[in-house]
Amino acid sequence: MTTKVRNSNIELLRIIAMLFIVIWHISLHAQKGELDSHNYIIAFCTAGVNLFILISGYFGIKLTWKNLLTLVSTIAFYNLVSIVCKWSISGITPDISIIKSLLVPLRESRWWFINCYFNLMLLSPIINIILNKANERQYKYFLYVLLFMSCVSGFCFRNSINSNGYNTFHFITMYVLGNAIRRFNLPTILSTKKLLIIYILCTLTLFTCTFIILLRSRSTFYNNPLIITSAVCLFCLIAKFEFNSKTINYISSFMLPIYLIQDSVIGFMAYDY
């Protein structure tokens, strides 16, 4: 019996995505977005969330009760650890709302990413059936409609179905897009030079938008076409270089705990400090 080896290039991408998210949160929560470096961080790091969902779509979610229970128990565990640490350090007794979040951790509003990902997991069996059964014409139609509703109707015209990318609909869109990267083998079809040029142009354009008052706030929307395109390009660039590393694979297994800890009550306590 052979053991399935994870692609270390994609696991490295998972680490990079988490690094982007942590840097973004440091700039946003600890520095309040007031330093000059915040503009650079918006341009380079806001692709982190989209990268994570692209990875899920690329490999596909295989929903099981074990996966769901593992996710919920992991959230509850790190939430408990965070609360205990804050209580030990500050001596302030946690309020009832935080304690309730242990029972239903997915209600915790600060973990919007987990809420949306959990919803995506629940919907994944139906989405997978659509993707697997659809012919190429139907598949492309489904993908284009999702992108239109996210990037045009949502981002450009602020349709409530996906006005900023912080919702389950956007996660579905990125999941399908990640599946499309694999289905159409984009890392092989698109040249390294072309991907680099598009990625650099998107990043520079996004950086320029951060200096325009009317566009600055919308530069952080995950359904921003520039952020989506840069995430796809970066994904394809790294996917081109296949390699295996036990160290990379081991480190990548800690990405969910890192996210939960830094975005917990003890994490925000550290950001405030």
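Since the structure is predicted, the reported quantities are computational estimates derived from the model, not experimental observations.
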When you measure from the side chain of [X] to the backbone of [Y], do you find a donor-acceptor pair of N or O atoms at a distance under 3.5 Å?
X	Y	answer
Asn7	Asn9	no
Lys62	Phe59	yes
Arg158	Ser153	no
Lys140	Asn135	no

query: Which is it for Ile42 and Phe207 under the side chain to side chain contact (heavy atoms under 4.5 Å, CB included) test, yes or no, and what are the steps along the way?
result: CA-CA 7 Å; Ile42 289 176; Phe207 177 69; over 6 Å; no

With side chains defined as the heavy atoms from C-beta onward, is the minimum distance between [X] and [Y] less than 4.5 Å?
X	Y	answer
His170	Asn50	yes
Phe235	Ile55	yes
Leu122	Leu68	yes
Ser82	Ile261	no
Tyr141	Val145	yes
Val232	Ile181	yes
Asn249	Lys246	no
Met149	Tyr144	no

Taking all non-hydrogen atoms of both residues into account, name the closest pair between [X] and [Y] and its distance.
X	Y	answer
Ser37	Gln31	OG-OE1, 4.2 Å
Ser252	Glu11	OG-OE1, 2.7 Å
Ser8	Ile248	O-CG2, 3.5 Å
Leu71	Leu256	CD1-CD2, 4.1 Å
Thr168	Leu120	CG2-N, 4.4 Å
Ile41	Ser27	CD1-CB, 3.5 Å

When rounded to the nearest 0.5 angstrom, what is the spacing between [atom1] in [X] and [atom2] in [Y]?
X	Y	atom1	atom2	value
Asn179	Leu143	CG	CG	9.0 Å
Ile228	Cys233	CD1	SG	12.0 Å
Leu260	Phe113	CG	CZ	9.5 Å
Ile16	Met255	CD1	CE	11.0 Å
Tyr222	Asn164	OH	CG	10.0 Å
Tyr58	Cys236	OH	SG	8.5 Å

Test of ring centre spacing under 6.0 Å for [X] and [Y]:
X	Y	answer
Tyr259	Phe254	no
Tyr117	Phe52	no
Phe44	Phe20	no
His38	Trp24	yes

Can you hop from [X] to [Y] via hydrophobic side chains spaced under 4.5 Å?
X	Y	value
Ile161	Leu147	yes
Leu177	Ile198	no
Ile172	Trp112	yes
Leu215	Leu206	no
Leu226	Leu195	no

query: Would Val49 and Met174 satisfy side chain to side chain contact (heavy atoms under 4.5 Å, CB included), going step by step from the backbone distance to the final call?
result: CA-CA 10 Å; Val49 167; Met174 297 309 298; over 6 Å; no

Is the number of heavy atoms from other residues, nucleotides or ligands within 6.0 Å of [atom1] ([X]) greater than 12?
X	atom1	value
Tyr40	OH	no
Phe243	CZ	yes
Tyr250	OH	no

message: Quick one, Gln262 with Tyr271, criterion side chain to side chain donor-acceptor pair (under 3.5 Å). Give me CA distance, side-chain angles, the key distance, then yes/no.
response: CA-CA 9 Å; Gln262 62 83 38; Tyr271 286 138; 2.6 Å; yes

field: side-chain hydrogen bond (donor to acceptor under 3.5 Å, both in side chains) partner of Ser150, chosen from Asn223, Asn162, Asn159
entry: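 Only one of Asn223, Asn162, Asn159 forms a side-chain hydrogen bond (donor to acceptor under 3.5 Å, both in side chains) with Ser150, namely Asn162.
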
task: Using the side chain to side chain contact (heavy atoms under 4.5 Å, CB included) rule, take Thr74 and Tyr78 through it: C-alpha gap first, then chi angles, then the decisive distance, then the call.
output: CA-CA 6 Å; Thr74 300; Tyr78 284 102; 3.7 Å; yes

query: Do Asn67 and Thr64 have side-chain atoms, one donor and one acceptor, less than 3.5 Å apart?
result: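 Per modelled atom types, Asn67 and Thr64 side chains form a pair under 3.5 Å.
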
- request: Determine, for Tyr139 and Lys133, whether the Lys NZ or Arg CZ falls below 6.0 Å from the six-membered ring centre while staying within 45 degrees of the axis.
  value: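 Ring-cation test returns no.
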
Just list the side-chain donor-acceptor pairs under 3.5 Å for residues 123-130, sequence neighbours left out, or say none.
unit_1 : atom_1 : unit_2 : atom_2 : d
Ser124 : OG     : Met121 : O      : 2.6
Asn128 : OD1    : Tyr175 : OH     : 2.7
Asn128 : ND2    : Ile61  : O      : 3.1
Asn128 : ND2    : Ser124 : O      : 3.1

task: I would like to know whether Ser88 and Val84 meet side chain to side chain contact (heavy atoms under 4.5 Å, CB included); could you show each step before the answer?
output: CA-CA 6 Å; Ser88 301; Val84 171; 4.0 Å; yes

